Structure formats: C-alpha cells, structure tokens
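Report on the structure given below.
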Amino acid sequence: MFGRFYIPEDREKGLPALALREAATESRYEEEGWRIRKDGTWFWANLVVTALMDDNGALVGFSAIIRDLTERKRAEEELTRLNAELEERFAEKAAELGQTIGEREKLQAQLLQAQKMEGIGTLAGGIAHDMNNILNVISGYASLILQNPGNTEKVAEGLEVIKETVDRGASLVQQLLASARKSELKFEQIHVNGVLEKLHGLLKETFPKTIDVRLELDPALPSVIADSNLLHQAVLNLCLNARDAMPSGGTLQVITRRVAGAALRRIFQDASAKQYTCITVKDTGVGMNAAIQSRIFEPFFTTKQQGEGTGLGLSVVYGIVTNHKGFIDVESEPDQGTTFRICLPVPKSRETAIEVKEQPPVKDGTRPFGKGETILFAEDEARQLRLMQNFLQDKGYRILPAKDGAEAVEIFQCKKDEIGLVILDLGLPKLNGWEVFRRIKEIDPAVKAIFATGFMTPQIESQLALGEASAVIMKPYQLDEILEKISSVIKTSAGEPAVVAQLDYAEIPFAPPDEDLT
C-alpha cells in the first residue's frame with residue numbers, strides 16, 4: 001500500500017509494518033519523514049494511518065493519507081540556516097568592534113526593550129480610548145452627585161460606580177506597566193495560565209471591539225521554568241500581529257494545552273523533554289503564503305508599510321522561545337488565518353509551586369485602630385495628603401504631613417523621637433522617597449517605612465528582599481488597605497508578629513500528556 005513511498009533504508013527497518021501495527025493497536029498512527037515518489041525524487045511527508053473497523057469492532061483494513069510537506073521542511077531548514085548565519089555575523093561584528101560578552105548582552109537587552117516599547121506603542125490608541133471612557137464615567141457620576149446631594153440613593157449608586165471605574169482604570173494601568181517594564185531576566189517556576197489571564201485583560205481593554213479575544217486554558221496545565229515578563233512579551237507580540245492581520249475584525253484565540261514530547265519530536269527533532277506546555281495564538285486574519293512564512297522570523301523582515309513597524313516582533317519572539325529551550329511553529333494560508341504555537345518544556349521533577357494566599361478581609365467591627373501613634377506622611381498631591389491626614393487621624397493616629405522630600409527630612413530630624421512610622425511616596429519633589437529614606441535611616445537606623453507607589457520596580461523588590469523597606473502599598477490604594485498595612489507594621493515594630501500572607505506549598509498537577517498538536 002503506502003510502503004512503496006518509504007526509502008529503501010526505512011523499508012529494510014520494517015517501518016511500514018510498524019506503522020500498521022501501531023495503527024491497529026492505537027486506531028491511529030502519524031509520522032513524518034523523507035519518502036520517495038514514483039519518479040525517484042524525495043519529499044518530506046506526513047503520514048496518517050487509520051484503522052478501519054466493522055460494526056463488530058473487527059479490523060478490516062487501513063486508511064492512509066500522505067501529505068507533501070517539503071516546502072515547510074525546506075522553510076524550516078532555511079530558517080535554521082539563516083539564524084545560524086545571523087549568529088555568525090553578529091559574532092564577527094562583535095569581534096571586530098572588540099565587544100565584551102557584557103556589552104553584547106547589553107545590546108541584546110536594548111533591542112528587546114526597544115521592541116517591547118514598540119509593541120506597547122501600538123496599544124496607545126486603544127488605551128487612550130478606554131481611559132477616556134473611564135474618566136468620562138467618573139466625571140459624569142461626580143456631576144450627578146453634585147446635582148443631587150440630598151438624594152442618598154443616587155449618591156450611593158454614583159459612589160459605587162466611581163469606585164468600580166477607578167479600580168478598572170488602576171487594573172489597566174498595572175497591566176500596561178507590567179508589559180512595558182524593563183527588568184532583569186528572572187527564570188522561575190510560573191503558571192502560564194496566570195500570565196495569559198493578565199494579558200487577556202489588557203487585550204480586551206485595548207483591542208478594537210470588532211476583534212473577539214477568546215481565552216481557552218487547560219486548568220491542569222503544568223508549570224514551566226520561564227521569565228514571566230519575556231513570556232508576556234512574546235505572546236503579546238503574536239497577538240499584536242494577529243490584530244494587524246484582522247483590520248476588519250475577527251476572532252483571536254489564545255489556547256493552552258499539554259503536548260507529549262514524542263508528538264512534538266515529529267516536528268522538532270530536538271524536543272527532548274517528556275512533556276511540553278504549549279500556547280496557541282490563532283487568528284482569522286489574512287494569512288500568509290509560503291514565501292512569507294519562510295522569512296517571518298528574520299530580523300527586520302516585515303510586510304508592513306514604512307513607519308508601521310520595524311520587523312523585530314517575530315524575531316524577538318523566536319529569540320525568547322529559543323532562550324527558554326522551547327520551540328515555535330506556524331501554520332497559515334492566504335485568507336485562512338494564522339496559527340502560532342509556542343511549546344515550552346515542563347521540568348522533569350515535580351517541583352513545588354508557591355502560592356500566596358491573601359488573608360480574609362477584616363470585618364469593620366474588628367478592624368484595628370491607632371492608639372495615638374505618630375506617623376510622618378509624605379505626599380506631594382495636596383488633596384491626597386489632606387484625605388489621608390483626616391482619615392488616619394479619625395482612626396486614632398497622629399499625622400505629621402509633609403508635601404515634599406526636604407520637608408519630610410526636616411520634620412523627622414526635629415521629631416524623630418515621636419515618630420513611630422514613616423509613609424513615603426516614591427515620587428516626591430526635591431528629594432524622592434528613596435533619598436528621604438536613606439537620610440532618615442542615617443538619623444534613626446531602626447526607622448520603619450512604608451512606600452507608596454504606582455509601579456513595583458526592581459529597586460523596590462530588592463529593598464524588600466533586603467528588609468530595608470517595611471512594606472509597600474500600590475496606588476491607587478483603598479483606605480482600609482493602608483489602615484491594615486499601618487497596623488501590621490506598627491505591631492511588628494512593637495515585637496508582635498504580623499501575618500500578611502501565608503505560603504502554601506502544593507504539588508504541581510501532572511495529568512496524562514496530550515498526544516495531539518491541533
């Protein structure tokens with residue numbers, strides 16, 4: 001039957017008979033390899049053998065389908081060659097310029113960050129539109145409250161909507177900052193679904209409403225070892241390309257599933273892991289022909305008009321996936337959409353996952369209040385400072401307000417023996433929050449400080465790890481949230497343990513691998 005397509009070497013190994021045995025046992029068998037045509041020319045083929053059964057379940061024959069994938073195979077080989085050539089050229093240029101390894105890594109990091117910011121820039125229109133909607137809602141309900149101050153029902157409804165809208169705006173800002181963040185590479189055990197859920201929120205807020213963004217996640221997906229920021233960027237780049245491929249709208253699907261290494265090795269021979277976590281980004285856009293597909297991962301190759309992109313997006317994605325010891329595949333036809341798959345290896349050992357569980361909110365009746373403790377509160381936004389001063393004084397604390405960093409240092413110098421806690425905004429004028437903290441630490445090394453910021457930077461993280469900062473609160477914060485944070489830090493400074501979060505160690509779920517790739 002199909003055995004005549006096998007090259008002599010494979011026929012001698014008995015591969016045709018093996019295919020039939022596998023199909024008879026498993027109902028279906030699939031493989032790829034070099035085959036031979038009637039005219040003696042070789043081609044790269046995909047073979048699918050299916051067992052045929054009668055009504056009683058008895059084997060009556062086989063169905064075999066052979067697809068010619070020579071063009072795709074040659075495109076992959078050409079891509080490998082081009083990448084090797086690019087690496088060689090880069091190494092030669094680096095040697096000519098006398099660059100050190102550190103300089104080369106710096107250039108690569110700059111390239112990665114530049115491409116990341118290009119991707120964020122393409123979202124600007126959608127973000128501006130959504131933020132304007134958010135501000136419009138807040139402004140509208142605020143006007144409604146001012147016009148109806150005696151209508152408690154309308155005031156309560158308006159305040160609730162304003163609060164929800166502010167939370168929505170804060171979430172959008174945090175997602176955008178996470179996408180744009182420049183940070184050191186940090187390979188750690190991460191849950192891919194969590195990264196994609198955050199990205200999904202950003203896409204839903206910023207993509208045109210004509211594009212239906214769908215998320216289909218395998219709930220039992222194994223963790224992988226990866227840098228979450230790089231993974232976020234790689235998938236974001238694929239989604240941005242998908243958006244551009246659907247100018248009139250369409251459907252964008254982001255799917256996760258597990259794939260057995262044996263199945264992946266039919267496409268990528270170097271897939272040595274037993275199991276892979278795969279991310280599929282699928283669109284219903286204009287698609288690509290074979291010629292374009294063969295070049296899409298080349299740096300600076302782009303089909304967009306001048307000024308619409310640098311052509312770095314997919315080359316950066318390829319580099320990110322390769323650095324994670326993973327693989328990327330693409331399938332596309334003109335007018336039939338495009339499907340990208342990123343496959344990352346699952347660690348061999350079942351390492352434990354760390355999950356941070358938030359403590360349940362404290363009920364109003366049991367919420368801790370102050371006992372006259374003095375807090376130095378430094379904030380340059382006058383309305384915010386006045387709000388927090390009134391709120392915290394009402395809760396039993398004594399507040400010393402400071403409108404800039406220099407004033408905060410001066411107040412601390414004069415009243416250090418009275419102050420039990422310092423709350424510093426990182427963006428203070430004259431002296432920023434970090435400079436204020438360093439100076440008051442020289443005055444009192446045991447000072448307790450809470451930092452307020454709208455963005456968790458690597459500097460903040462490192463200070464927390466070193467135990468320099470007592471706590472960080474993210475803006476915009478809830479009043480009850482900062483009240484609990486203050487109470488926690490003050491209790492700790494008084495020698496009482498304060499439990500903010502607990503770590504729960506749970507084994508990663510490893511379900512049977514999925515052999516399918518579609």
Side-chain angles (χ1 to χ4, degrees), residues 105 108-109 111-113 115-116 119-120 174-175 177-203 215-241 254-261 264 268 270-281 297 312-330 340-356 456 458 461 465 503 505-511 513-514 517:
E105 291 177 347
Q108 291 174 329
L111 172 64
L112 185 65
Q113 184 67 12
Q115 196 283 321
K116 180 188 292 186
I120 296 303
Q174 289 302 320
Q175 292 175 53
L177 289 174
S179 298
R181 174 177 176 177
K182 181 179 180 180
S183 60
E184 299 295 327
L185 295 184
K186 187 177 181 181
F187 285 85
E188 58 187 349
Q189 186 167 279
I190 66 168
H191 294 287
V192 173
N193 286 350
V195 174
L196 298 182
E197 285 171 348
K198 292 180 181 178
L199 176 61
H200 180 246
L202 179 63
L203 300 181
L215 200 60
E216 301 174 22
L217 304 180
D218 178 355
L221 197 71
S223 300
V224 298
I225 302 298
D227 181 289
S228 59
N229 288 323
L230 288 183
L231 183 59
H232 179 281
Q233 182 183 350
V235 181
L236 174 61
N237 286 356
L238 296 180
C239 291
L240 290 173
N241 276 5
V254 181
I255 306 164
T256 61
R257 67 186 311 173
R258 294 154 297 153
V259 175
L264 200 60
F268 302 103
D270 295 333
S272 57
K274 184 178 180 180
Q275 185 175 185
Y276 285 79
T277 285
C278 288
I279 305 167
T280 299
V281 178
F297 294 116
L312 293 174
L314 290 177
S315 65
V316 168
V317 173
Y318 181 84
I320 291 173
V321 174
T322 302
N323 287 338
H324 285 76
K325 301 186 186 304
F327 302 92
I328 184 168
D329 187 27
V330 60
F340 281 94
R341 295 187 186 89
I342 294 175
C343 297
L344 304 177
V346 173
K348 291 181 180 179
S349 60
R350 300 187 178 192
E351 301 177 45
T352 55
I354 299 177
E355 179 183 359
V356 178
M456 181 68 80
E461 292 178 345
L503 297 181
Y505 294 88
E507 190 173 23
I508 300 173
F510 272 71
D514 187 343
L517 281 175

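As the structure is a computational prediction, the values presented were derived from the model and not from experiment.
- The one candidate from Val235, Leu217, Leu231, Asp218 that meets the side-chain contact (heavy atoms from CB on, under 4.5 Å) condition with Val192 is Leu231.
- The shortest side-chain heavy-atom distance between Leu230 and His324 falls under the 4.5 Å cut-off.
- Atom CD1 of Ile342 sits about 11.0 Å away from atom CG of Asp329, to the nearest 0.5 Å.
- Nearest approach of Leu344 to Gly326, heavy atoms of both residues: CD2-CA, 4.2 Å.
- In this structure, the side chains of Arg257 and Thr280 stay at 4.5 Å or more apart for every pair of heavy atoms.
- Looking at heavy atoms from C-beta onward, Leu236 lies in side-chain contact with Leu203 at the 4.5 angstrom threshold.
- The shortest heavy-atom contact between Thr277 and Pro222 is OG1-O, 3.2 Å.
- The two residues Ile328 and Tyr318 come nearest to each other via the heavy atoms CG2-CD1, 3.7 Å.
- The shortest heavy-atom contact between Ile225 and Pro347 is CG1-CG, 3.7 Å.
- In this structure, Asn323 has no side chain to side chain donor-acceptor pair (under 3.5 Å) partners at least two apart in sequence or on a different chain.
- Qualifying side chain to side chain contact (heavy atoms under 4.5 Å, CB included) partners for Val195, counting only residues two or more places apart in sequence or in other chains: Ile190, Ser228, His232.
- Using a 4.5 Å heavy-atom threshold, the side chains of Cys278 and Arg341 count as separate.
- With a 4.5 Å cut-off on side-chain heavy atoms, Leu238 and Ile279 do not count as touching.
- The two residues Lys325 and Pro345 come nearest to each other via the heavy atoms O-CD, 3.4 Å.
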